Number of protein chains: 2
Amino acid sequence: MNQIAKEDVLAASEGLKAIAHEIRLTVLCHLLQGPMTVSELLKATETEQTNLSKHLSKMRMLGVVETEKQGNFVQYRIANPDWGEVINALKKIYCPD
Amino acid sequence: MNQIAKEDVLAASEGLKAIAHEIRLTVLCHLLQGPMTVSELLKATETEQTNLSKHLSKMRMLGVVETEKQGNFVQYRIANPDWGEVINALKKIYCPD
DNA sequence: TGACAATATGATCATATTACCATAAAGTAA
DNA sequence: TTACTTTATGGTAATATGATCATATTGTCA
């Protein structure tokens with residue numbers, strides 16, 4: 001708080017909760033490459049439809065992703081491209097070269 | 001996983017859990033300025049000693065921070081400076097200029 | 001219209017997280 | 001040694017999270 005306001009820390013911690021899960025982090029990584037439909041994310045995450053749907057819902061409610069309905073499909077995209085920088089920093093920490 | 005191995009995604013999501021909490025994120029932000037003792041963090045976070053201690057313990061077990069005992073005090077420090085980049089990215093997303 | 005495909009939601013159960021209390025452990029100093 | 005300070009740990013209760021089942025919603029197409 002020296003540097004960041006209390007309310008911003010709270011908001012950021014909520015945002016972190018939105019991606020602090022194996023499936024949701026996987027979704028985020030994929031969406032960084034571009035928007036994807038639920039069906040595509042389903043293949044990518046190898047989980048149950050209903051389970052993925054809940055994770056996507058959580059990410060949407062916490063403002064990390066946005067959706068756009070396209071006919072029968074729903075396309076998900078990252079709400080703020082700066083999440084890419086978060087992922088890049090995580091890669092430095094967790095992905096050995 | 002296109003880009004990140006499954007095991008790395010898992011590790012990163014665990015690391016994210018270590019900071020996806022208001023108190024723990026506050027601790028991380030403070031430690032970015034340099035090592036601090038528990039007592040100092042206690043003042044900074046304005047929480048109960050026993051509560052903070054558990055949060056610190058979690059961060060340590062998940063490898064985000066390290067400790068060094070100095071007499072009666074315990075000094076905490078960030079294990080990997082790259083967490084600074086994570087915070088900077090979060091600032092872009094959550095801290096309006 | 002009916003059948004089907006894509007996605008979301010409600011209910012439920014198991015598990016995890018968190019805050020708080022009491023207490024323990026470890027170091028210091030008289 | 002005793003008293004005190006600093007930090008950690010065990011127990012517990014409230015709440016949150018996650019997986020799974022069944023079902024609903026919405027849109028497409030024949």
Side-chain angles (χ1 to χ4, degrees), chain A residues 6 9-31 34-79, chain B residues 6 9-31 34-79:
Chain A
K6 219 172 206 173
V9 171
L10 180 57
S13 69
E14 290 303 304
L16 285 170
K17 286 175 189 171
I19 67 168
H21 183 283
E22 195 180 4
I23 291 179
R24 297 194 296 269
L25 187 55
T26 301
V27 166
L28 181 64
C29 288
H30 275 93
L31 291 184
M36 290 174 74
T37 66
V38 176
S39 297
E40 291 169 327
L41 288 170
L42 201 48
K43 286 179 193 164
T45 56
E46 295 173 325
T47 184
E48 298 295 317
Q49 180 271 320
T50 178
N51 194 27
L52 175 61
S53 188
K54 295 235 166 132
H55 284 298
L56 291 174
S57 173
K58 180 163 199 163
M59 295 179 80
R60 181 159 41 86
M61 284 196 300
L62 289 171
V64 173
V65 299
E66 296 169 342
T67 60
E68 187 172 336
K69 194 144 199 195
Q70 294 184 339
N72 223 344
F73 296 78
V74 175
Q75 203 173 59
Y76 278 74
R77 60 169 178 267
I78 295 182
Chain B
K6 218 171 204 171
V9 172
L10 180 58
S13 68
E14 289 303 303
L16 284 171
K17 285 175 190 172
I19 68 168
H21 184 283
E22 194 179 5
I23 291 178
R24 297 195 296 270
L25 188 55
T26 301
V27 167
L28 181 64
C29 288
H30 275 93
L31 291 184
M36 291 175 74
T37 66
V38 176
S39 296
E40 291 169 327
L41 288 170
L42 201 49
K43 286 179 195 162
T45 56
E46 296 174 325
T47 183
E48 298 295 315
Q49 180 272 321
T50 178
N51 195 25
L52 175 62
S53 189
K54 294 231 167 140
H55 284 297
L56 292 174
S57 173
K58 180 162 200 163
M59 295 179 80
R60 181 159 40 85
M61 285 196 298
L62 289 172
V64 173
V65 300
E66 296 169 343
T67 58
E68 188 173 337
K69 192 144 203 198
Q70 294 183 340
N72 223 346
F73 296 78
V74 176
Q75 204 172 59
Y76 276 75
R77 60 170 177 268
I78 294 182

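Predicted model only: the values in this text are computed from it and were never measured. Chain A is the first sequence line, chain B the second, and so forth, proteins listed ahead of strands; every chain is numbered from 1.
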Side-chain N or O of A:His55 closer than 4.0 Å to phosphate OP1/OP2 of D:dA19: yes
Side-chain N or O of B:Ser39 closer than 4.0 Å to phosphate OP1/OP2 of D:dT7: yes
Which of C:dT18, C:dT7, D:dA8 is nearest the side chain of B:Val74? It is D:dA8
B/S/- along nucleotides 25-30 of chain D (protein heavy atoms under 4.0 Å) is -BBS--
Take the protein atom NZ of B:Lys58 and the nucleotide atom C1' of C:dA19, then report the distance between them rounded to whole Å. 13 Å
Please determine whether a side-chain nitrogen of the Lys or Arg among A:Lys43 and A:Glu40 lies less than 4.0 Å from a carboxylate oxygen of the Asp or Glu. no
From CG of B:Leu52 over to P of C:dA19, roughly how many Å is that when rounded to an integer? 11 Å
Quick one: B:Leu56 CG to D:dT6 C1', roughly how many Å, whole number? 13 Å
B:Glu22 meets the side-chain hydrogen bond (donor to acceptor under 3.5 Å, both in side chains) criterion, sequence neighbours left out, with none
When the distance from CG of A:Leu42 to C1' of D:dT20 is rounded to whole Å, what number comes out? 15 Å
Does A:Lys54 reach a base, just sugar-phosphate, or nothing at all? Heavy atoms under 4.0 Å. base
For B:Thr47, report the nucleic acid contact type (base, sugar-phosphate, nothing); a contact means any heavy atom under 4.0 Å. nothing
Give a yes or no on whether the backbone of B:Ala18 and the side-chain of B:Arg24 come within a donor-acceptor separation of less than 3.5 Å. yes
Rounded to whole Å, CD of B:Gln49 lies from P of C:dA25 at a distance of 15 Å
OP1 or OP2 of C:dA6 sitting under 4.0 Å from any side-chain N/O of A:Tyr76? no
side-chain contact (heavy atoms from CB on, under 4.5 Å) partner of B:Leu31, the single match among B:Val64, B:Val65, B:Thr26: B:Val65
For B:Asn51 and C:dA22, give me the distance from atom CG to atom P, rounded to whole Å. 15 Å
For atom CD of B:Glu48, is the number of surrounding heavy atoms from other residues, nucleotides or ligands below 6.0 Å larger than 12? no
Is there a donor and acceptor pair closer than 3.5 Å between the side chain of A:Thr50 and the base of C:dT9? yes
Residues at least two apart in sequence or cross-chain that pass side-chain hydrogen bond (donor to acceptor under 3.5 Å, both in side chains) with A:Thr47, listed by chain then number, are A:Asn51
Measuring from A:Leu16:CG to B:Leu28:CG, what's the distance to the nearest 0.5 Å? 9.5 Å
Could you say whether A:Thr37 or A:Lys17 is positioned toward the 5' end of DNA chain C, judged by the nucleotide with the nearest heavy atom to each? A:Thr37
Could you tell me how far apart B:Glu48 (CD) and C:dT18 (C1') are, to the nearest whole angstrom? 13 Å
Find the distance A:Met36:CE to C:dT7:C1' and express it as a whole number of Å. 15 Å
